[in-house]
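All residue numbers refer to positions in the sequence shown, counting from 1.
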Amino acid sequence: MDETPLISVVVVNWNGISFLPGCLGSLEKQTWKNLEFIIVDNGSTDGSTELIRAWTERIPKAQPLFLKRNTGFCEGNNLGIAKTRGEWIALLNNDAIAEPDWIERLVSHGDAANKIGMLGSKILFVDPANVIDKVSHLIYWDGQNRGRGTMEIDAGQYDKDEEILWPDACAALYHRRLFEETGGFDESFFAFGDDADLGMRARLLGWTAWYVPQAVVHHLHSATAGVYSPLKVMLVERNRLLLALKNFSLPLLLANPYWSIRRVLWHVYAASKGQGASGQLVASQGWVRTLGIMIWAHLSAMKNLPSALKNRRKIQRTKRLSNREVQALLRRFQIDLRQLTLRD
């Protein structure tokens, strides 16, 4: 592909001074040279702003966007994307380090004419370096989603270029038109599950996603929020409810309580055995506080119900996939319940 298109890169930061140098340093080394950088700071208080200001003054076509408060991943990215000029927009977490050919590999697989507008990376942990963080996403029938390949040893089992459900926005490339058609990230999500919601809405509009295993990124994983912080757990559970409410057909919504109860029962079993994410959550928070977090998530979802219903009406009115096609898509990329609940 001709290296003339301008590619925009957006990084959202919040108090990430300890890992920003690795992230920004990896962007300097990219083999795709026609790049612009928008570094969004969400009101950091740890000295990040000084580091970002110095970096953007030194790097051509780089500009900072300093926000007064922590707007979250969603609004931060939306504000950053609004300042971009590129046809393709790459998102990279502040706690991620990209290999030098990361952007070049992703762009080579993009095809907006055929609506391949989401490109996903192979995301590995920084330590241990041979363990997979995720290589795209899978989904359960109640809207909960999880990274594909999470915690597996990288032994080449995901080295095939292939269609995926959607990429993880920790390290992904999107076509500008996809953001224009979907309206970008839903800012009511704040963080977590936001890329799933964006991906689902893009899918409903006929966009497809592609996995590029040669595009490798190393991720610290939840370095900003904490792996089992109550806020993160609440947002994950709340946002899967909002995703389903907005994007699922009426038959899928009516079946949602059944699938959710099945998932919760498996989580309780996993927690009782000390297995999976629920086992780790109960070990760190206790049963009573874990129950409180779930109640918090559902109350927060109810608070967001009016805006979610408003968005649902628009999404369901403009979607280009039939209910049968959506169900076939979810079936194709569904996650096994045991894998979802028993694997950390």
Notebook entry, point to check: Is any side-chain heavy atom of Trp141 closer than 4.5 Å to a side-chain heavy atom of Arg331?
Noted result: yes
Notebook entry, point to check: What do you reckon, is CZ of Arg338 surrounded by more than 12 foreign heavy atoms closer than 6.0 Å?
Noted result: no
Next item on the list: Might you point out which heavy atoms bring Ile97 and Ser26 nearest each other, and give the distance in Å?
Entry: CG2-CB, 3.7 Å
Note to self: Measuring from atom CG of Asp159 to atom CD of Gln214, what distance do you get when rounded to the nearest 0.5 angstrom?
What the structure shows: 7.5 Å
Notebook entry, point to check: For Asn247 and Asp197, does a side-chain donor sit closer than 3.5 Å to a side-chain acceptor?
Noted result: yes
Note to self: Can you confirm whether the side chains of Ser48 and Asp41 place a donor and an acceptor under 3.5 Å from each other?
What the structure shows: no
Checklist line | From CA spacing to verdict: side-chain hydrogen bond (donor to acceptor under 3.5 Å, both in side chains), Ser8, Glu36 | finding: CA-CA 5 Å; Ser8 304; Glu36 68 168 4; 2.5 Å; yes
Notebook entry, point to check: Would you say the side-chain atoms of Arg69 pair up with the backbone N or O of Gly43, donor to acceptor, closer than 3.5 Å?
Noted result: no
Next item on the list: Using a strict cut-off of less than 4.0 Å between a Lys/Arg side-chain nitrogen and an Asp/Glu carboxylate oxygen, indicate whether Lys122 and Glu99 qualify as a salt bridge.
Entry: no
Check: Quick one: are Leu24 and Phe37 in side-chain contact, heavy atoms under 4.5 Å?
Finding: no
Notebook entry, point to check: Got a donor-acceptor contact below 3.5 angstrom from the Asn13 side chain to the Asn94 backbone?
Noted result: no
Checklist line | Donor-acceptor contact present, side-chain Ser260 to main-chain Pro257, <3.5 Å | finding: no
Check: Do you know which of Asp133, Asp168, Leu124, Ile132 makes side chain to side chain contact (heavy atoms under 4.5 Å, CB included) with His219?
Finding: Asp133
Next item on the list: Look up atom CG in Leu106 and atom CE in Met118, then write down how far apart they are to the nearest 0.5 Å.
Entry: 13.5 Å
Checklist line | Backbone of Ala171 reached by a side-chain donor or acceptor of Asn93 within 3.5 Å | finding: no
Check: Is a side-chain N or O of Gln316 found less than 3.5 angstrom from the main chain of Lys246, in a donor-acceptor match?
Finding: yes
Item checked: Set of ring pair (Phe, Tyr, Trp, His ring centres under 6.0 Å) partners for Tyr158, sequence neighbours left out -> none
Notebook entry, point to check: So, do Thr150 and Gln339 sit near enough that their side-chain heavy atoms are less than 4.5 Å apart?
Noted result: no
Note to self: Rounded to the nearest 0.5 Å, what separates atom CG in Asn304 from atom CE in Met302?
What the structure shows: 11.5 Å
Next item on the list: Apply side-chain contact (heavy atoms from CB on, under 4.5 Å) to the pair Met200 and Leu165, showing each step before the final yes or no.
Entry: CA-CA 8 Å; Met200 192 72 218; Leu165 185 55; 5.6 Å; no
Check: Side chain of Thr208, backbone of Lys115: donor and acceptor closer than 3.5 Å?
Finding: yes
Item checked: Gap separating the CG atom of Asp195 from the SG atom of Cys170, nearest 0.5 angstrom -> 9.0 Å
Next item on the list: Hey, can you tell me if Tyr174 and Phe179 have their rings parallel, tilted or perpendicular (30° and 60° cut-offs)?
Entry: tilted
Check: Run the side-chain contact (heavy atoms from CB on, under 4.5 Å) check on Ile261 and Val264 step by step: do they pass?
Finding: CA-CA 5 Å; Ile261 290 171; Val264 169; 5.7 Å; no
Margin query: Starting from Leu178, can I reach Ile38 by hopping between I/L/V/M/F/W/Y residues whose side chains sit under 4.5 Å apart?
Written below: yes
Checklist line | Path from Tyr140 to Leu253 over hydrophobic side-chain contacts below 4.5 Å | finding: yes
Notebook entry, point to check: Donor-acceptor pair, Arg289 side chain versus Pro230 backbone, under 3.5 Å?
Noted result: no
Notebook entry, point to check: In this structure, are over 12 heavy atoms from other groups packed under 6.0 Å from Lys61 atom NZ?
Noted result: yes
Notebook entry, point to check: Rounded to the nearest 0.5 Å, how far apart are CG of Leu342 and OG of Ser278?
Noted result: 7.5 Å
Checklist line | For the student: nearest non-hydrogen atoms of Leu242 and Ser188, plus distance | finding: CD1-OG, 4.5 Å
Check: Going through the distances and angles, do Val40 and Asn77 end up as a side-chain contact (heavy atoms from CB on, under 4.5 Å)?
Finding: CA-CA 8 Å; Val40 183; Asn77 269 302; over 6 Å; no
Margin query: One thing to verify: whether Glu325 and Lys319 come together as a salt bridge, which I'm taking to mean a side-chain N less than 4.0 angstrom from a carboxylate O.
Written below: no
Margin query: When you compare the side chains of Thr71 and Asn42, does any donor N or O come within less than 3.5 Å of an acceptor on the partner?
Written below: yes
Notebook entry, point to check: Is the shortest heavy-atom distance from the side chain of Pro21 to the side chain of Leu51 under 4.5 Å?
Noted result: yes
Next item on the list: Mind telling me whether Trp166 and His137 have parallel, tilted or perpendicular rings, with 30° and 60° as the class edges?
Entry: tilted
Next item on the list: Would you check if Val326 and Ser249 make a side-chain contact, meaning some heavy-atom pair closer than 4.5 Å?
Entry: no
Next item on the list: Determine yes or no for a side-chain-to-main-chain donor-acceptor pair under 3.5 angstrom, with Glu152 supplying the side chain and Arg148 the backbone.
Entry: no
Checklist line | Closest non-hydrogen atom pair between Ala169 and Phe185, with its separation | finding: CB-CZ, 4.2 Å
Next item on the list: Please list all pairs passing the side chain to side chain donor-acceptor pair (under 3.5 Å) test where one or both residues lie in residues 291-301, with sequence neighbours left out.
Entry: Arg238-Ser300
Item checked: Distance-only polar pair, side chains of Trp259 and Gln144, donor-acceptor under 3.5 Å -> no
Next item on the list: Give a yes or no on this: more than 12 heavy atoms of other residues, nucleotides or ligands lie within 6.0 Å of atom CZ of Arg324.
Entry: no
Check: Any link between Leu340 and Ile293 through a network of hydrophobic side chains (Ile, Leu, Val, Met, Phe, Trp, Tyr) touching at under 4.5 Å?
Finding: no
Checklist line | Full working for side-chain contact (heavy atoms from CB on, under 4.5 Å) between Asp194 and Leu198 | finding: CA-CA 6 Å; Asp194 38 68; Leu198 174 67; over 6 Å; no
Next item on the list: Say whether, by atom type as modelled, one donor and one acceptor occur between the side chain of Asn256 and the main chain of Asp142 under 3.5 angstrom.
Entry: yes
Check: Do NZ/NE/NH1/NH2 and the carboxylate oxygens of Arg203 and Glu163 come within less than 4.0 Å?
Finding: yes
Margin query: Would you say that Asn70 contacts Phe190 through its side chain, given a criterion of any heavy-atom pair below 4.5 Å between the two side chains?
Written below: yes
Note to self: I'd like to know if Asp186 pairs up with Arg201 as an ion pair, taking the criterion as any Lys NZ or Arg NE/NH1/NH2 lying under 4.0 Å from an Asp or Glu carboxylate oxygen.
What the structure shows: no
Note to self: Strictly distance-based, threshold 3.5 Å: is any side-chain N or O of Arg176 a donor or acceptor partner for the main-chain N or O of Glu87?
What the structure shows: no
Margin query: Are Ile103 and Val10 linked, directly or through intermediate hydrophobic residues, by side-chain heavy-atom contacts shorter than 4.5 Å (ILVMFWY only)?
Written below: no
Check: Hey, any chance Phe192 and Val233 share a hydrophobic cluster, counting ILVMFWY side chains that come within less than 4.5 Å of each other, even indirectly?
Finding: yes
Next item on the list: Could you go through the side-chain hydrogen bond (donor to acceptor under 3.5 Å, both in side chains) check for Ser121 and Arg105 one step at a time?
Entry: CA-CA 9 Å; Ser121 312; Arg105 295 284 192 176; over 6 Å; no
Note to self: Would you say that Ile116 contacts His109 through its side chain, given a criterion of any heavy-atom pair below 4.5 Å between the two side chains?
What the structure shows: no
Checklist line | Nearest-0.5 Å distance that lies between atom CD1 in Ile139 and atom CZ in Phe333 | finding: 11.5 Å
Check: Name the one of Leu92, Thr31, Leu173, Val107 that satisfies side chain to side chain contact (heavy atoms under 4.5 Å, CB included) with Trp102?
Finding: Leu92
Check: With a 4.5 Å heavy-atom cut-off, do Phe248 and Leu243 have their side chains touching?
Finding: yes
